[in-house]
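Worksheet for the structure shown next.
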2 protein chains.
Amino acid sequence: MTPPSRHITLKDLARELGVSTASVSNAFNRPDQLSPRLRERILSEAQRLGYQGPDARARTLRTGRSRIIAVVLAETLTYSLNDAVSSELLTGIAEVLDDHGHTLLLLSGRQPGSRQTSGTASMADGFIVYGLMPSAMLLNELPAQRPLVAVDFNIDGQPMVHIDNEPASHAIACYALATPPRRIGVLALRLTETPCNGRVTEEQPWLTAERTITRARLDGFHRAFEEHGIDPAAVPVWNIEENTHDICAPVIASILDLPDDERPDLLLCMSDRIALTALTLAEQRGLRIPEDLRLTGFDGIAEGQYRSPRLTTVRQDSTEKGRITARMILGLVPAEPSLLATELIVGESCPYRVTFGLTNPATQSLRCTANLGGNGAGRRPLGGVIDRVIEDHADNPLNLDIA
Amino acid sequence: MTPPSRHITLKDLARELGVSTASVSNAFNRPDQLSPRLRERILSEAQRLGYQGPDARARTLRTGRSRIIAVVLAETLTYSLNDAVSSELLTGIAEVLDDHGHTLLLLSGRQPGSRQTSGTASMADGFIVYGLMPSAMLLNELPAQRPLVAVDFNIDGQPMVHIDNEPASHAIACYALATPPRRIGVLALRLTETPCNGRVTEEQPWLTAERTITRARLDGFHRAFEEHGIDPAAVPVWNIEENTHDICAPVIASILDLPDDERPDLLLCMSDRIALTALTLAEQRGLRIPEDLRLTGFDGIAEGQYRSPRLTTVRQDSTEKGRITARMILGLVPAEPSLLATELIVGESCPYRVTFGLTNPATQSLRCTANLGGNGAGRRPLGGVIDRVIEDHADNPLNLDIA
DNA sequence: CTGAAAGCGCTTACAG
DNA sequence: CTGAAAGCGCTTACAG
């Protein structure tokens with residue numbers, strides 16, 4: 001009958017039914033607080049009148065809970081949404097939030113934070129902060145006293161979820177050095193305090209390990225170099241400002257275009273995106289992988305395994321990282337520092353032993369799990385060894401022995 | 001002094017300052033409504049007392065506007081966040097929202113929509129619905145009377161943003177058929193009404209063009225076939241259920257493993273992901289591209305252009321699609337059906353003329369812009385021709401003449 | 001099991 | 001330019 005003139009509210013519905021607003025509210029929120037019969041009557045009448053249920057805006061104000069969790073991304077949304085690692089993290093976060101009736105609000109820390117946007121931030125019940133913020137500004141604009149979890153970098157006094165960057169980097173470098181290279185190159189990601197897209201010179205100050213995962217990865221490489229009698233200072237480092245093909249390409253081109261006697265034959269890359277770009281550019285130049293150039297990545301993104309040659313890399317389970325973070329922000333697990341294990345994936349871009357003329361490169365593959373500590377083991381990365389080897393091909397047993 | 005016992009509100013601040021709540025509100029929201037001196041006093045006192053500004057939850061209830069736009073994704077969030085095309089769409093949406101002080105809430109249409117999640121949906125000021133919903137259920141749960149824009153599929157009575165699928169598919173098929181293939185295969189994406197991951201049989205009913213972009217793409221292929229004297233019914237169609245490597249791979253493997261005299265030498269794929277999977281599997285089998293197998297994609301994602309051979313494909317500007325959609329939902333442009341143009345990108349996976357033994361495959365590349373109608377040209381795809389050719393390499397002029 | 005009432009924190013006509 | 005007051009739509013003790 002009465003077509004909803006404009007907008008029907010809980011109060012209207014209660015009046016229409018001749019019951020109290022409390023009963024209508026309970027019909028939707030607390031079935032145990034009223035008789036099934038009344039509840040049924042309320043719900044069916046609601047449907048008939050086109051009442052969709054209590055307004056989230058009012059519920060939020062009243063209860064103080066919006067069921068929204070904000071993810072504050074250090075990078076631009078453009079980057080974060082198109083990067084495999086951030087996407088996986090968001091996937092894990094979204095999965096857990098969804099399972100618990102929460103939704104995901106995306107915020108970017110890159111723009112200064114117009115008052116409007118940071119005002120909206122105060123809708124969220126909690127905050128997940130991913131990656132190093134360009135400035136502390138945005139963090140200050142976040143409402144205090146609400147739960148916050150940091151991912152991949154440290155905020156004083158806040159719980160943190162991260163991976164064992166230093167041991168993982170150490171492990172993959174040791175693995176690669178098992179076949180002695182002639183010349184090594186390191187490709188770092190946002191290592192320097194001031195932007196630098198290219199060869200890093202001695203005088204450039206580096207970010208501290210507290211502030212960037214890159215530093216911890218470099219520390220792992222350097223420890224491996226020292227253990228193999230290589231002077232870390234003698235290994236050139238190139239820096240990449242953003243983990244995208246377009247930014248990587250010129251730096252890598254400059255390396256690959258070096259004369260044969262200066263070009264590294266082993267590139268340790270701090271991300272799979274960097275390694276994949278190097279792979280593409282190397283192929284374009286007719287360089288043979290792995291004979292002329294060996295490459296290692298970091299992250300273990302799908303794209304690196306769905307092509308030939310596959311990347312040798314460290315796999316981090318970003319999805320699981322997201323899940324843990326989300327559980328923490330929802331209070332499903334204690335908000336304690338959490339450290340995730342990583343896994344060494346051996347592909348053809350840097351095989352265990354470089355063998356020429358293999359007919360089927362797949363037989364060179366194996367997968368190693370680096371059980372380096374795992375969750376909740378404290379804030380500091382643990383030392384550890386690769387202690388398990390899973391072979392893809394039983395007919396080609398290999399034993400890795402990497403300290 | 002008085003450390004904020006728990007939580008300071010606008011009212012507290014007004015009392016502390018001896019001004020009305022209206023003045024405090026105006027200090028934050030409407031600078032022109034009070035003297036600069038008073039505003040200054042209010043803002044500095046706010047800062048001193050740790051008042052972060054008006055609470056978004058209360059503002060939202062009072063004003064009826066949350067500055068949140070929800071994107072309802074037909075696929076799971078896992079898929080959408082990891083798929084290049086959806087990511088680009090979200091990127092475009094986020095960019096415009098951000099510029100206008102709005103934020104992005106992600107919802108998935110895949111799960112039935114627990115009451116909690118769909119309750120939260122009612123926070124949003126507007127809805128962007130992307131892709132065909134598995135059921136109409138979720139749409140009904142969305143609050144009526146709030147703006148809604150559909151992307152890539154039709155909801156009766158709602159504005160829609162989409163691309164010219166049929167003409168674009170027609171164009172790329174005509175282009176590929178310029179070199180006569182021996183056998184063609186079509187790889188479709190979610191074409192059938194009931195799930196089918198593999199060869200499509202005659203009796204399987206197809207979704208209508210209204211409901212899926214796939215159908216329009218197939219129609220474009222078929223028109224091209226007919227124009228080239230090929231009976232569409234004689235061209236086999238394989239269906240892919242999800243646009244991911246893992247789901248594509250077995251279907252494509254089954255095609256590539258056909259005997260030489262049954263295997264297609266031209267695969268028209270409805271997405272770049274499908275084409276890239278085919279490329280990888282073909283390479284693993286030692287098939288030469290393009291001599292043994294030519295491939296075309298659809299979408300123009302970066303991954304298809306950052307490898308060798310590059311994909312021949314139709315580029316759609318998903319980012320721009322997102323921008324237009326976001327402007328529409330914010331009311332910055334009229335909420336009218338919008339049709340975006342696409343572009344034919346010619347890579348080495350299906351070159352213009354198949355020439356054997358080219359030393360530099362890059363010289364075979366060119367790029368064609370298919371100006372097929374553009375924005376706001378009405379709800380139905382327009383016919384049209386590729387009317388502009390941009391050459392990557394001036395030393396290798398090519399003229400395309402595709403009707 | 002049900003109903004009357006307070007109040008979440010804000011914005012906005014409106015009167016001064 | 002400023003202040004007093006209503007009310008956005010709901011939830012939740014609390015009394016019955």
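Letters A, B, ... mirror the listed sequences (proteins, then strands); counts begin at 1. Scope of the values below: all heavy atoms of this structure, side chains included, with no hydrogens, waters or symmetry mates.
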Nearest-angstrom distance from the residue atom CG of L61(B) to P of dG7(D): 14 Å
Side chain of T63(A) - closest among dC8(C), dT11(D), dT12(C): dT11(D)
S87(B) versus N82(A), side-chain donor and acceptor atoms under 3.5 Å: no
Any S23(A) side-chain N or O less than 4.0 Å from OP1/OP2 of dC1(C): no
Touch class at under 4.0 angstrom, heavy-atom based, for L34(B) against every strand present: sugar-phosphate
Flag, side chain of E45(B) to backbone of L17(B), donor-acceptor distance under 3.5 Å: no
Closest listed nucleotide, where the reference is the side chain of S35(B) and the choices are dC1(D), dG9(C), dG3(D): dC1(D)
Sugar-phosphate only, base, or nothing, as touched by D32(B) at under 4.0 Å among non-hydrogen atoms: sugar-phosphate
Rounded interatomic separation in angstrom, taking CG from D55(B) and C1' from dC8(D): 14 Å
Length of the CG-C1' vector between L10(A) and dT12(D), whole Å: 13 Å
Sugar-phosphate, base or nothing in reach of T21(B), heavy atoms under 4.0 Å: base
Heavy-atom check, side chain of D12(A) versus side chain of E16(A), under 4.5 Å: no
Rounded distance (Å) that lies between atom C1' of dC10(C) and atom CZ of R15(B): 15 Å
N/O (side chain, Y51(A)) to phosphate O (OP1/OP2, dG9(D)) under 4.0 Å: no
Worked verdict on S80(A) versus D83(A) for side-chain hydrogen bond (donor to acceptor under 3.5 Å, both in side chains): CA-CA 5 Å; S80(A) 300; D83(A) 175 69; over 6 Å; no
Given DNA chain D, 5'-ward residue of the pair A58(B) and G18(B), judged by closest heavy atom: G18(B)
Length of the CG-C1' vector between D12(A) and dG9(D), whole Å: 10 Å
Residue matched to dC1(C) through Watson-Crick or wobble contacts both under 3.5 angstrom: dG16(D)
Side-chain N,O (T9(A)) to OP1/OP2 (dG9(D)) below 4.0 Å: no
Span that lies between the P atom of dG7(C) and that of dG3(C), in whole angstrom: 22 Å
Nucleotide dG9(D), atom P - distance to CZ of F28(A) in whole Å: 16 Å
Close side-chain approach of L77(B) and T91(A), heavy atoms under 4.5 Å: no
Value in whole Å for how far the C1' atom of dT11(D) lies from CZ of R30(A): 8 Å
Phosphate contact (dT11(D) OP1 or OP2) by S25(A) side-chain N/O below 4.0 Å: yes
Distance below 4.0 Å between N29(A) side-chain N/O and dT11(D) OP1 or OP2: yes
Pair S66(A)-D125(A), side-chain donor/acceptor within less than 3.5 Å: yes
Euclidean distance, atom CZ of residue R62(B) to atom P of dC10(D) [Å, nearest integer]: 16 Å
